[in-house]
Chemist: 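Just dropping this structure here.
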There are 2 protein chains.
Amino acid sequence: MRLTTKGRYAVTAMIDLSLNQGHGPVTLRSISQNQGISLSYLEQLFAKMRKSGLISGTRGPGGGYILNRDVDRISIADIVVAVDEPLDITECAGREDCQDGRRCLSHGLWSELSDQLYGFLAGISLGELMRQSGLTRIREESRQVEVPSLADTA
Amino acid sequence: MRLTTKGRYAVTAMIDLSLNQGHGPVTLRSISQNQGISLSYLEQLFAKMRKSGLISGTRGPGGGYILNRDVDRISIADIVVAVDEPLDITECAGREDCQDGRRCLSHGLWSELSDQLYGFLAGISLGELMRQSGLTRIREESRQVEVPSLADTA
DNA sequence: CAATAACCGAGTAATATAGTTGGTTATTGA
DNA sequence: TCAATAACCAACTATATTACTCGGTTATTG
């Protein structure tokens, strides 16, 4: 398991989505503007998360993305895994034929650590992450500005 | 905090170093051969870890690297941080002037998660990681092959 | 039918990763 | 003293990943 800026972008975007849902689907355009992430990059990230079943999109005016599960049933690990595909870079790359035992250092140990890290991130839900830094307050403030109901998207 | 393959290389190398110390300093050449990591890349990684005070090197024949602290007093976080420099990619990049509160999603939340991750990795020592997958056995096997005392480095 | 917004794919620039090359300096033992 | 070892160092290179741009299509709405 890796944890790169790509995963960070995805988690950030998902939090923005979480904060602004309940007003119907959230557009990538608004997330792009709020978070300063390019629209196309968001599209790529969201395509992966959609394929992983985390979200679903609806087209046309009033469309956008919604979470498929409750914020407390989507973990950070879900998001990171969806977006940051594993890309096996072990020496022996899947094959268990590391000859002399020594080559296996990378194979065995890192995957062990990786599992632990996964478990850790799987234990943090989107909901928990949202709540734990007084962001709900900010949410209230930004609501009326943030989710204009189709009228003033200019 | 990021967690990339670079950190993985560093941790793997440090475990190799841990397993083979006690016979004196361990050369990068031997780590390179054991783990299949290029010598020069190891040099770059070890330069950073040396600057972080995790290890120290001695030159000349019989030289190599040793850990500066006990394996149980060096954490995975120490290694990752030494090697995978932070590289602030928050929107507001350090400046706290994110104007409207919304921009701060990336700023506040990820650093919070990052802190938690750091705490997690700081709680795992090199020693623990070494011990927890039956690697001490492998160590015994590889010892006589692995750390020839200066004679047969061919 | 025009506007919206997801969806899609091919490209591109910038950066990070991993390695190469070609050194120097310090230490050792013959 | 000298040759071998091995850390230390800097510049350069190839590849991969990141993040973005561009130019579309499809579905939905009013």
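Please read these numbers as outputs of a predicted model, since none were measured by experiment. Below, read A as the first sequence line, B as the second, and so on, with proteins coming before strands; counting in each chain starts at 1. FYI, side chains are in, hydrogens and waters are out, and symmetry mates aren't considered; it's all heavy atoms of this structure.
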Chemist: Run the salt bridge (charged side-chain N to carboxylate O under 4.0 Å, His left out) test on R2(B) and D84(B) for me, step by step, so that the C-alpha distance in whole Å, both residues' side-chain angles and the decisive distance to 0.1 Å come before the verdict.
Modeler: CA-CA 7 Å; R2(B) 283 181 309 157; D84(B) 234 352; 3.6 Å; yes

Chemist: Listed by chain and number, what are the ring-ring contact (aromatic ring centres under 6.0 Å, His included) partners of F120(B), not counting sequence neighbours?
Modeler: F120(A)

Chemist: Measure the distance from CD1 on I55(A) to C1' on dA5(C) and round it to the nearest whole Å.
Modeler: 14 Å

Chemist: Here's a test of your reading of the structure: between V26(A) and G7(B), which maps to the more 5' nucleotide of DNA chain C?
Modeler: V26(A)

Chemist: Of the options dT18(D), dA6(D), dT17(C), whose atoms approach the side-chain atoms of T4(A) most closely?
Modeler: dT18(D)

Chemist: Send over the distance from D84(B) CG to dT15(C) P, rounded to a whole Å.
Modeler: 17 Å

Chemist: Could you give the CD1-to-P distance, from I31(A) to dA5(C), as a whole number of Å?
Modeler: 12 Å

Chemist: What does F46(B) touch in the nucleic acid at a heavy-atom separation under 4.0 angstrom: a base, only the sugar-phosphate, or nothing?
Modeler: nothing

Chemist: Would you list the atom pairs, donor with acceptor, under 3.5 Å between side chains in residues 41-51 of chain A and any protein atom, with sequence neighbours excluded?
Modeler:
from	atom 1	to	atom 2	distance (Å)
K48(A)	NZ	E85(A)	OE1	3.1
K48(A)	NZ	E85(A)	OE2	3.4

Chemist: Quick one: L28(A) CG to dA6(C) P, roughly how many Å, whole number?
Modeler: 4 Å

Chemist: Please enumerate all residues that pass salt bridge (charged side-chain N to carboxylate O under 4.0 Å, His left out) together with D72(A), with sequence neighbours excluded.
Modeler: R131(A)

Chemist: Could you give me the CA-CA distance, side-chain angles and deciding distance for I76(A) and E128(A), then say whether side-chain contact (heavy atoms from CB on, under 4.5 Å) is met?
Modeler: CA-CA 10 Å; I76(A) 305 303; E128(A) 279 162 12; over 6 Å; no

Chemist: How many whole angstroms separate atom CG of L45(A) from atom P of dT17(D)?
Modeler: 15 Å

Chemist: Could you write out DNA chain D as a dot-bracket string, with dots for unpaired bases, | for bases paired across to another strand, and Watson-Crick or G-U pairs counted at under 3.5 Å?
Modeler: ||||||||||||||||||||||||||||||

Chemist: Between Q35(B) (CD) and dG19(C) (C1'), how many Å, whole number?
Modeler: 17 Å

Chemist: If the sugar-phosphate is the primed atoms plus P, OP1 and OP2 and the base is the rest, what is the B/S/- string for nucleotides 20-28 of chain D, using protein heavy atoms under 4.0 Å?
Modeler: BBB---BBB

Chemist: Quick check for you: among dT18(D), dA5(C), dT17(C), whose closest atom lies nearest to any side-chain atom of R2(A)?
Modeler: dT18(D)

Chemist: Under 4.0 Å between a side-chain N or O of Y65(A) and OP1 or OP2 of dC7(C)?
Modeler: yes

Chemist: Which residues satisfy the side chain to side chain donor-acceptor pair (under 3.5 Å) test with N68(B), sequence neighbours excluded?
Modeler: S56(B)

Chemist: Answer yes or no: is there a donor N or O on one side and an acceptor on the other, between the side chain of T4(A) and the main chain of K6(A), under 3.5 Å?
Modeler: yes

Chemist: Between atom CZ in R50(A) and atom P in dA6(C), what is the gap in whole Å?
Modeler: 11 Å

Chemist: To the nearest angstrom, how far is L17(A) atom CG from dA6(C) atom P?
Modeler: 11 Å

Chemist: Between side-chain atoms of residues 57-66 of chain A and protein atoms elsewhere (two or more places apart, or another chain), which donor-acceptor pairs fall under 3.5 Å?
Modeler:
none

Chemist: Of all residues at least two apart in sequence or in a different chain, which pass the side chain to side chain contact (heavy atoms under 4.5 Å, CB included) check with S75(A)?
Modeler: A77(A), D78(A), A122(A)

